[in-house]
Amino acid sequence: MIKTLAQFIFVCGLFLFSGLATAQDVQIELGPAEIGLNETFTIKVTISNEKIKSYDQFPEIPSFQKQGISQSSSMNLINGQMSSSNSIIQYYKPSRKGEFTLPSFELTINGQAYSSNGKKLTVGDAASTNRGAGSANDPFADFFGRSAMEDPEYVELEDDAFFSVSVDKEEVYQGEGFDLSLAFYMSESNQAPFNFHEPGRQLDEILKKIKPTNAWEENFNISNIDPEQVTINGKRWTKFKVYEATFFPFSEGEINIPRIPWEMIKYKIAKNPTFFGANRQEDFKTFYSSPKTIKVKPLPPHPLKNEVSVGQFQIRENIKNIEVETGQGFDYNFGISGVGNINAISAPKRIPTANLNTYDPNVRQQINRGYGRVSGIKEFNYYITINEAGEVDLGKNFEWVYFDPERAVYDTLRPQAKITVTGESKVNQAISSQRLGGLYDRISAEDNRFLNEKYKYYFTVAINVLLLIAVALLAVLIIRKR
């Protein structure tokens with residue numbers, strides 16, 4: 001038995017939310033078809049068990065003006081299961097009486113499109129604004145001492161936020177990477193409500209201005225704008241990173257990052273909020289970053305300064321000490337791992353020797369982007385045969401030179417692997433195979449049709465010569481008999 005009004009409301013709420021639990025995750029609700037000239041029409045979007053992270057512009061309605069957007073959220077406990085809903089409401093005020101049409105439209109909520117069939121709207125005379133009517137339309141009108149249908153007055157709150165283009169280094173060597181990121185910051189004490197305004201479109205325009213043309217880009221491919229708590233000079237901020245990449249300059253000089261604008265939706269707040277009224281009005285504010293300059297220094301003199309990679313690298317091998325027979329093939333993996341432009345790493349230099357044979361390596365690489373740097377590994381897999389018995393030091397057969405910007409020195413990576421080779425010499429066999437291989441390669445490469453035509457010509461000439469000789473001998477014999 002329901003004993004109190006509070007219990008009655010709670011039970012009604014359970015039935016109401018039980019019905020909503022079976023509805024779609026996203027609902028678009030349109031306001032009434034008939035309103036007074038002094039009333040507002042609404043489009044409400046409700047999403048269940050998920051936050052509204054992004055949404056596009058609400059549709060325009062002929063002869064109506066947008067009055068602002070409000071947001072709300074609720075948590076519900078139904079049969080021991082927790083559920084939530086988040087809503088945004090766009091308010092429209094009619095400018096004249098008449099019949100109007102809200103055409104069908106689509107709204108993109110959290111990256112997914114949802115459609116509505118629209119509605120026929122009729123705007124009549126202004127509704128009564130006396131206390132009785134006001135109380136009927138707004139049960140809280142008496143509490144606030146006024147009608148909720150009055151146009152609210154909006155004020156702009158002071159904000160504590162900024163937009164920043166940051167780099168981790170202001171001076172690098174040619175080929176050395178620097179990290180560049182774009183982010184919006186709000187302090188922990190900020191009270192002004194913000195939302196992102198077309199971040200993808202803005203970012204496309206910004207990147208046209210800030211990407212250096214003489215550098216290789218490794219994009220971190222940020223797909224979601226997620227909050228991150230950071231501390232700057234002892235003050236806590238919420239950071240929303242919208243772009244990050246590492247750039248590797250090809251040449252010396254300066255890279256200039258200009259002052260960049262970033263527009264945010266900043267809501268104005270109703271001076272005297274009501275329970276059902278439009279308590280926020282959408283507005284915009286543009287923030288500007290500070291310009292940046294990165295100086296790119298040339299590498300120190302070295303015969304290979306225009307060819308070497310720049311970074312901190314180590315060698316990784318798949319073998320250390322193995323024993324093989326002469327002529328027996330084995331795989332050797334020369335891996336280069338570390339921090340730098342992994343994509344630009346070239347194969348190690350091969351130092352020719354008489355009794356070690358190899359071919360061009362198979363190449364595999366893995367690139368990791370995170371924590372403000374680009375790292376990874378590039379592997380060169382060689383198939384090697386050795387034709388003479390003995391101990392072979394691969395460090396005397398391969399080397400890879402690079403420049404370390406932290407120590408400002410050139411360094412060389414050499415293998416540590418040593419190969420013990422046993423068995424009879426295969427040097428002569430290898431030479432013979434090379435010669436036969438060269439002859440066979442020529443034969444397979446020749447055009448047989450051409451050769452046949454050439455021999456046919458020589459054969460024809462030889463037959464004709466023999467026929468002429470035979471005719472001449474026959475003529476001599478006939479003359480002698482006479």
J.: Can you see whether S164 engages S289 through a side-chain donor-acceptor pair at a distance of less than 3.5 angstrom?
T.: no
J.: Name the one of F313, Y173, Y410 that satisfies ring-ring contact (aromatic ring centres under 6.0 Å, His included) with Y402?
T.: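 By the ring-ring contact (aromatic ring centres under 6.0 Å, His included) criterion, Y402 pairs with just one of F313, Y173, Y410: F313.
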J.: Run the salt bridge (charged side-chain N to carboxylate O under 4.0 Å, His left out) check on D404 and R407 step by step: do they pass?
T.: CA-CA 6 Å; D404 186 338; R407 297 181 293 146; 2.8 Å; yes
J.: Mind checking what makes side-chain contact (heavy atoms from CB on, under 4.5 Å) contact with A389, not counting sequence neighbours?
T.: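 Listed in chain order: T326.
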J.: Kindly state each residue pair satisfying salt bridge (Lys or Arg N to Asp or Glu O under 4.0 Å) with at least one member in residues 364-382, sequence neighbours excluded.
T.: E218-R369, R364-E379
J.: Using a 4.5 Å cut-off on heavy atoms from C-beta on, say whether the side chain of S375 contacts that of I342.
T.: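 No, side chains not in contact.
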J.: Is it the case that atom CD in Q365 sees more than 12 heavy atoms from other parts of the structure closer than 6.0 Å?
T.: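 Count over threshold, so yes.
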J.: I'd like to know if K418 and E391 make a salt bridge, using a cut-off of under 4.0 Å between side-chain N and carboxylate O.
T.: no
J.: In this structure, are over 12 heavy atoms from other groups packed under 6.0 Å from Y371 atom OH?
T.: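 Atom OH in Y371 is not packed in, count stays at 12 or less.
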J.: What I want to find out is whether K266 reaches E156 closely enough, with some N-O distance under 4.0 Å, to be called a salt bridge.
T.: yes
J.: So if I apply the ring-ring contact (aromatic ring centres under 6.0 Å, His included) rule between F287 and each of F163, F184, F162, which one comes out positive?
T.: F184
J.: Stepwise, does the ring pair (Phe, Tyr, Trp, His ring centres under 6.0 Å) test hold for F196 with F240?
T.: CA-CA 10 Å; F196 285 92; F240 298 90; 5.7 Å; yes
J.: Check this for me: E171, atom CD, are more than 12 non-hydrogen atoms of other residues, nucleotides or ligands nearer than 6.0 Å?
T.: yes
J.: For residues E317 and Y332, is any side-chain donor paired with an opposing acceptor at under 3.5 Å?
T.: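 Short answer, yes.
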